[in-house]
Amino acid sequence: MTYIGRFAPSPTGPLHFGSLVAALASWLDARAAGGRWLLRMEDLDRARAHTGAAREILRQLERLGLGWDGPVSYQSARTASYEHSLEQLQRAGVVYACGCTRQEIADSTLAIDGSRIYPGTCRNGIAPGRRARTLRLRTTAAPIRFHDRLQGELTQSVAREVGDFVLRRADGAPAYQLAVVVDDADQGVTDVVRGADLLDSTPRQILLQQLLGLPTPRYLHVPVALDAAGEKLSKQSGAVSADAPDLERALAFLGHAPPGPMPARELLDWARRHWDPARIPRQRAIRA
Ligand code: GLU
């Protein structure tokens, strides 16, 4: 069996308990399958990403014993590939320029149903006197169905539940949804294991794979760690020192509490041998 997994952190700060859980789950799933585990820095957001954080994440992974295969890939160095795929979509006639500001969308969307569904304002052209800010995908209502290895069968109509989403942002950067699809395909990723906060993004990614003629990987979305207030753990609330106790906690969170205290290396070895995704709680979020 060919297995290529990956961990794709956004280097906006050091790993915290939530991102450690995602790293550990994807590492274990890859290593238990005898597969490769790639590392990709999702550093397209220039305002938020910084090289210090990328270096810190690499140090933390090394310290935990979560080794990766091959060179680390940086999205900031791959914009030509994203532009190439964007042109492919443009030639297929499924891309349009949008002049709406974030504020305008938030307003009109809230007025309709309280969510952030793009109302389609620029679908048939930008109003006179307005300039193009973003590029959006013209979505269709046909539902996207997929099977998640933990969360089960899921269905979403991207057009109805998300709306025409952004492919190129107002600052010129490719959007996460496009970059992740292009990278997973270019790197031959067969298995995406990540936090369930990205479950609702998956149909958008599958839709793009279909439009670009790319294969769809298998997906496994593990629960997201919440703090005591029920909020997603942040860099502040979930700080980790990347040592054995953190690994032990993350394993317990994933339903793989070790039988007793062990040094970090043995912990990982034990977990790799006992890894069984059926033991992961089938939930989207859990208090850590
Ligand atoms: N960069 C994303 C994050 O840190 C993860 C993207 C992915 O795994 O597809 O949340």
Side-chain angles (χ1 to χ4, degrees), residues 4-30 35-51 53-54 56-58 60-61 66 68 72-79 81-82 85 146 148-151 154 162 165-167 169 173-209 212 214-226 231-240 250 254 284-285:
I4 301 179
R6 65 12 169 226
F7 176 51
S10 306
T12 56
L15 289 182
H16 54 85
F17 184 71
S19 40
L20 170 60
V21 164
L24 182 61
S26 74
W27 187 89
L28 284 170
D29 202 55
R36 288 167 60 76
W37 192 64
L38 310 179
L39 193 55
R40 177 164 85 227
M41 290 293 167
E42 302 210 325
D43 58 350
L44 286 175
D45 196 335
R46 296 225 174 89
R48 295 179 60 232
H50 49 98
T51 43
E56 176 64 16
I57 291 172
L58 298 182
Q60 288 176 298
L61 291 172
L66 300 176
W68 58 90
V72 180
S73 125
Y74 291 83
Q75 288 193 324
S76 55
R78 292 189 24 83
T79 46
S81 296
Y82 312 135
S85 294
F146 72 103
D148 185 89
R149 289 169 55 207
L150 181 64
Q151 311 286 344
L154 290 144
V162 180
F165 57 91
V166 170
L167 297 173
R169 307 179 340 181
Y176 156 71
Q177 306 291 352
L178 176 67
V180 73
V181 162
V182 173
D183 283 343
D184 284 341
D186 282 357
Q187 295 185 294
V189 168
T190 61
D191 287 82
V192 172
V193 179
R194 60 186 178 189
D197 51 328
L198 291 162
L199 204 49
D200 292 328
S201 286
T202 307
R204 263 170 280 180
Q205 295 169 18
I206 294 175
L207 176 61
L208 285 174
Q209 288 153 5
L212 289 164
L214 302 173
T216 292
R218 285 180 290 262
Y219 288 100
L220 192 170
H221 286 87
V222 301
V224 167
L226 303 179
E231 301 289 330
K232 195 179 150 186
L233 282 190
S234 66
K235 308 228 141 115
Q236 291 75 33
S237 57
V240 287
L254 289 165
R284 286 193 181 208

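For ligands, and for the atoms within them, numbers begin at 1 and follow the listed sequence. Every heavy atom of this structure was used, including side-chain atoms; hydrogens, water molecules and symmetry mates were not.
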field: S10 and E42: side chain donor to acceptor below 3.5 Å
entry: no
query: Will you find, in the side chains of Q187 and R40, an N or O donor that is under 3.5 Å from an N or O acceptor?
result: yes
message: As a quick check of understanding, evaluate side-chain contact (heavy atoms from CB on, under 4.5 Å) for L214 and L208, giving each step before the final call.
response: CA-CA 8 Å; L214 302 173; L208 285 174; over 6 Å; no
message: The criterion is side chain to side chain contact (heavy atoms under 4.5 Å, CB included); which residues satisfy it with A22, sequence neighbours excluded?
response: F7
Atom pairs, nitrogen or oxygen, ligand 1 to protein, under 3.5 angstrom:
residue: ligand 1; atom: 1 (N); partner: A8; partner atom: O; Å: 2.7
residue: ligand 1; atom: 1 (N); partner: S10; partner atom: OG; Å: 2.9
residue: ligand 1; atom: 1 (N); partner: E42; partner atom: OE1; Å: 2.7
residue: ligand 1; atom: 4 (O); partner: S10; partner atom: N; Å: 3.4
residue: ligand 1; atom: 4 (O); partner: S10; partner atom: OG; Å: 3.2
residue: ligand 1; atom: 8 (O); partner: R6; partner atom: NH1; Å: 2.7
residue: ligand 1; atom: 9 (O); partner: R6; partner atom: NH2; Å: 2.9
residue: ligand 1; atom: 9 (O); partner: Y176; partner atom: OH; Å: 2.8
residue: ligand 1; atom: 9 (O); partner: R194; partner atom: NH1; Å: 2.8

task: Name all residues meeting the salt bridge (Lys or Arg N to Asp or Glu O under 4.0 Å) criterion together with R204; count only those two or more places apart in sequence or in a different chain, and write none if there are none.
output: none
- prompt: Taking only residues two or more places apart in sequence or in another chain, which ones pass ring pair (Phe, Tyr, Trp, His ring centres under 6.0 Å) with F146?
  reply: none
